Peer 1: 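Before I ask anything, here is the structure I am working with.
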Amino acid sequence: TWRLESAREVESLLHYKELIPRLEEALGKFSSRDSVEVIQPVRSTVPLQKHNGFLGLMPTYMENDGVLSTKLVCFYNRGAGSTLPSVSATVLLLDPESGHMKAVMDGEAITSMRTAGASEISAKLLMRPGAEVLAILGTGQQALSHYNAFTEMLSFKEVRVWNHRREGAEKFCRSVSGPVTVCGSVEEAVRGADVIVTVTRSTEPVLCGRWVKPGAHVAAVGACRPDWRELDDSLMKEAVVYADSREGAMAESGDVILSGVEVFAELGDVINGIKPAYREKTTVFKSLGMGVEDAVAANLVYEQWKAKAYKL
C-alpha cells in the first residue's frame with residue numbers, strides 16, 4: 001500500500017489544469033445515472049455530539065474507469081478562536097478486482113482542491129460573460145483553494161474578501177499571490193460582485209439576497225448540514241438553484257431544505273446538455289461535495305505519483 005500522508009505532498013501532485021477537466025467529466029457521468037459509470041450513495045454521517053462534529057463516509061465505484069475509493073471525513077462546527085481544523089479527511093484508493101488497498105492519502109488537499117474545482121466549473125458554466133469582480137466570504141483552507149482555482153482558471157479584475165475576524169482576512173491576503181481587497185462587511189464585499197463564493201463556518205445566513213446584484217453567480221460551499229445555512233430565503237427563492245447532487249442537496253443542504261426551493265439541475269445535467277445554464281439570471285450552485293470528485297482526484301494523484309516514481 002502506498003501512503004501519502006502529507007497534504008503538501010498530495011498538493012504537489014494535483015494541479016487544477018489536469019484536475020478540473022476530469023471533475024467536469026465525472027460530474028457528467030454522475031448525472032447520467034449509469035451504474036457502470038458511477039455508483040455513489042449519498043454520504044453517510046455519524047454525529048460526534050461531544051465534539052460538535054460529524055464523520056462522513058463517501059464510497060464511490062467507477063466500473064468503466066476501474067476506480068474504487070472511499071473518503072472518511074470528519075467535519076466540525078468549531079467555535080471562534082478554535083485552533084483545531086474544521087475538516088480532517090483521509091482518502092483510500094482500492095483495487096476493484098482484489099479489494100486490496102492501493103493507496104492511503106491525506107484528504108485535506110484532495111477535499112479542498114476538488115471542491116474548488118467543482119465551484120470553478122459552476123462559475124464557468126453559469127456566470128455572466130465578462131465577469132470582473134469575485135467576492136470570497138471566509139478565509140480558511142477552502143477560501144484559499146477557491147482563490148487559487150478561480151484566479152488560475154478564470155480572469156477577474158478585482159478580488160474582495162470578508163471574514164468575521166478582520167485579522168483572518170488580512171492573513172489571507174498575505175498568503176495569496178495577487179491583490180485582494182479586505183472588506184469590513186459582507187454587504188461591502190458582495191455589492192456589485194459578479195461571482196460570490198461562500199466558504200464560511202456559519203450555521204445562520206450571512207449572505208442576503210438584497211445585497212446580490214441580479215445575474216450574479218453564487219457558489220455556496222459551507223453549511224453542509226440540513227440545519228445549517230449561509231444564504232437567506234430571499235436569495236434562494238430569487239435564484240435558479242443548481243447542485244452537484246440533487247439527492248445530496250435534498251438530504252444535507254439547509255440552504256435548500258429550509259428555504260423550500262427546488263434544485264433546478266445538477267451541474268452534470270448542464271454538462272450533458274440536458275438542462276440549460278441560465279447565465280442571465282441570478283444562479284446558486286449548492287456544493288455538498290461528492291465521492292466521485294474524491295475518486296477522480298485521488299486516482300489522478302496516484303497516476304502522477306506512479307509516473308514520477310517510474311522516472312526516478
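Note that the structure is predicted; figures quoted are calculated from it, not measured.
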Peer 1: Heavy atoms, side chains only, cut-off 4.5 Å: are Lys213 and Asp194 in contact?
Peer 2: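 Result yes, sub-4.5 Å side-chain heavy-atom pair found.
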Peer 1: With heavy-atom distances below 4.5 Å as the criterion, would you say the side chains of Ile196 and Thr198 are in contact?
Peer 2: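 Yes, their side chains come closer than 4.5 Å.
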Peer 1: Kindly give the heavy-atom pair with the smallest separation between Ser234 and Gly209, and that separation in Å.
Peer 2: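 That closest heavy-atom pairing would be OG-CA, 3.9 Å.
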Peer 1: Any side-chain heavy-atom pair from Asn299 and Ser69 closer than 4.5 angstrom?
Peer 2: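 No, too far: nothing below the 4.5 Å cut-off.
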Peer 1: I'd like to check Arg33 versus Val38 (side-chain heavy atoms, cut-off strictly below 4.5 Å). Are they in contact?
Peer 2: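 Side chain of Arg33 against side chain of Val38, heavy atoms only: no contact under 4.5 Å found.
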Peer 1: Given Trp2, which of Met105, Met101, Lys306 fulfils the side-chain contact (heavy atoms from CB on, under 4.5 Å) condition?
Peer 2: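 Per the side-chain contact (heavy atoms from CB on, under 4.5 Å) rule, the option paired with Trp2 is Met105, out of Met105, Met101, Lys306.
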Peer 1: If you link ILVMFWY side chains whenever their heavy atoms are less than 4.5 Å apart, which other residues fall into the same cluster as Val197? By chain and number, please.
Peer 2: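 Same cluster as Val197: Met127, Leu134, Ile136, Leu144, Tyr147, Phe150, Leu154, Phe156, Val159, Val161, Phe172, Val176, Val180, Val182, Val195, Val199, Val221.
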Peer 1: Any Lys/Arg nitrogen of Glu25 or Lys29 sitting under 4.0 Å from an Asp/Glu carboxylate oxygen of the other?
Peer 2: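 A salt bridge links Glu25 with Lys29.
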Peer 1: Can you list the steps and then say if Val218 with Leu235 is a side-chain contact (heavy atoms from CB on, under 4.5 Å)?
Peer 2: CA-CA 10 Å; Val218 180; Leu235 176 54; 4.3 Å; yes
Peer 1: Check salt bridge (Lys or Arg N to Asp or Glu O under 4.0 Å) between Glu187 and all other residues, then give those that pass, not counting sequence neighbours.
Peer 2: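 For Glu187, the residues satisfying salt bridge (Lys or Arg N to Asp or Glu O under 4.0 Å) (neighbours in sequence not counted) are Arg191.
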Peer 1: Salt bridge or not between Lys124 and Glu24? Use side-chain N to carboxylate O under 4.0 Å.
Peer 2: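 Salt bridge present between Lys124 and Glu24.
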Peer 1: Hey, does Val87 have a side-chain heavy atom less than 4.5 Å from the side chain of Val73?
Peer 2: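 Yes. Closest side-chain heavy atoms under 4.5 Å.
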Peer 1: Who are the salt bridge (Lys or Arg N to Asp or Glu O under 4.0 Å) partners of Asp269, not counting sequence neighbours?
Peer 2: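 Scan of Asp269 (salt bridge (Lys or Arg N to Asp or Glu O under 4.0 Å), adjacent residues dropped) gives none.
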Peer 1: Can you name the nearest heavy-atom pair linking Ala109 to Leu14, along with the distance?
Peer 2: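 In terms of heavy atoms, the two residues are closest at O-CD2, 4.4 Å.
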Peer 1: Considering only residues two or more places apart or on different chains, which pairs with a residue in residues 73-123 satisfy ring-ring contact (aromatic ring centres under 6.0 Å, His included)?
Peer 2: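 ring-ring contact (aromatic ring centres under 6.0 Å, His included) check on residues 73-123 returns Phe54-Phe75.
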Peer 1: Got a sec, which hydrophobics cluster with Ile274, joining ILVMFWY side chains under 4.5 Å apart, including via others?
Peer 2: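 Via sub-4.5 Å side-chain contacts, Ile274 links to none.
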Peer 1: Hey, is Lys286 close enough to Glu266 for a salt bridge, meaning N to O under 4.0 Å?
Peer 2: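 No.
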Peer 1: Which residue pairs pass the side chain to side chain donor-acceptor pair (under 3.5 Å) test when at least one of the two sits in residues 128-141, sequence neighbours left out?
Peer 2: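 The answer is Glu132-Lys157, Thr139-Asn163.
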Peer 1: Minimum heavy-atom separation for Leu93 to Ala298, with atom names?
Peer 2: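 Result for this residue pair: CD2-O, 4.0 Å.
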Peer 1: State which residues pass ring-ring contact (aromatic ring centres under 6.0 Å, His included) with Tyr242; sequence neighbours excluded, sorted by chain then number.
Peer 2: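 Listed in chain order: Phe264.
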Peer 1: Look at the side chain of Asp255 and the backbone N and O of Leu231, then say whether any donor-acceptor pair between them is shorter than 3.5 Å.
Peer 2: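 Indeed, once roles are kept as given, a pair shorter than 3.5 Å links the two residues.
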Peer 1: Any heavy-atom pair between the side chains of Thr282 and Glu238 that's under 4.5 Å?
Peer 2: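 The answer is no, as the side chains (C-beta and beyond) never meet within the 4.5 Å cut-off.
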Peer 1: With Arg78, which residues qualify under salt bridge (Lys or Arg N to Asp or Glu O under 4.0 Å), at least two apart?
Peer 2: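 Per chain and number, Arg78 pairs via salt bridge (Lys or Arg N to Asp or Glu O under 4.0 Å) with no residue.
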Peer 1: Would the distance check show the side chain of Glu293 and the main-chain N or O of Met290 forming a donor-acceptor pair, the cut-off being under 3.5 Å?
Peer 2: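 Looks like yes, one N/O pair under 3.5 Å.
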Peer 1: Please, which pairs that meet side chain to side chain donor-acceptor pair (under 3.5 Å) have at least one residue in residues 6-22, sequence neighbours excluded?
Peer 2: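 Qualifying pairs, neighbours excluded: Arg22-Glu303.
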Peer 1: Restricting to salt bridge (Lys or Arg N to Asp or Glu O under 4.0 Å), what partner residues turn up for Glu230, sequence neighbours left out?
Peer 2: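 Glu230 satisfies salt bridge (Lys or Arg N to Asp or Glu O under 4.0 Å) with no other residue.
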Peer 1: Between Met113 and Val10, is a side-chain contact (heavy atoms from CB on, under 4.5 Å) present by the stated rule, with each step listed?
Peer 2: CA-CA 10 Å; Met113 291 182 70; Val10 173; over 6 Å; no
Peer 1: If you look only at pairs with a residue in residues 82-103, which of them pass as a salt bridge (charged side-chain N to carboxylate O under 4.0 Å, His left out), with sequence neighbours excluded?
Peer 2: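 Residue pairs passing salt bridge (charged side-chain N to carboxylate O under 4.0 Å, His left out), neighbours aside: none found.
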Peer 1: Output the distance between atom CG (Asn148) and atom CD (Glu152), rounded to the nearest 0.5 Å.
Peer 2: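 Rounded to the nearest 0.5 Å, the CG-CD separation comes to 7.5 Å.
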Peer 1: According to side chain to side chain contact (heavy atoms under 4.5 Å, CB included), who are the partners of Ser44, at least two apart in sequence or on a separate chain?
Peer 2: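 With sequence neighbours excluded, Ser44 shows a side chain to side chain contact (heavy atoms under 4.5 Å, CB included) to Leu57, given in chain and number order.
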Peer 1: Do Leu207 and Asp232 have side chains that approach each other closer than 4.5 Å (heavy atoms only, starting at C-beta)?
Peer 2: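 Side-chain contact under 4.5 Å: no.
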Peer 1: Do Pro41 and Pro59 have side chains that get closer than 4.5 Å, going by heavy atoms?
Peer 2: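 SC-SC contact between Pro41 and Pro59 confirmed.
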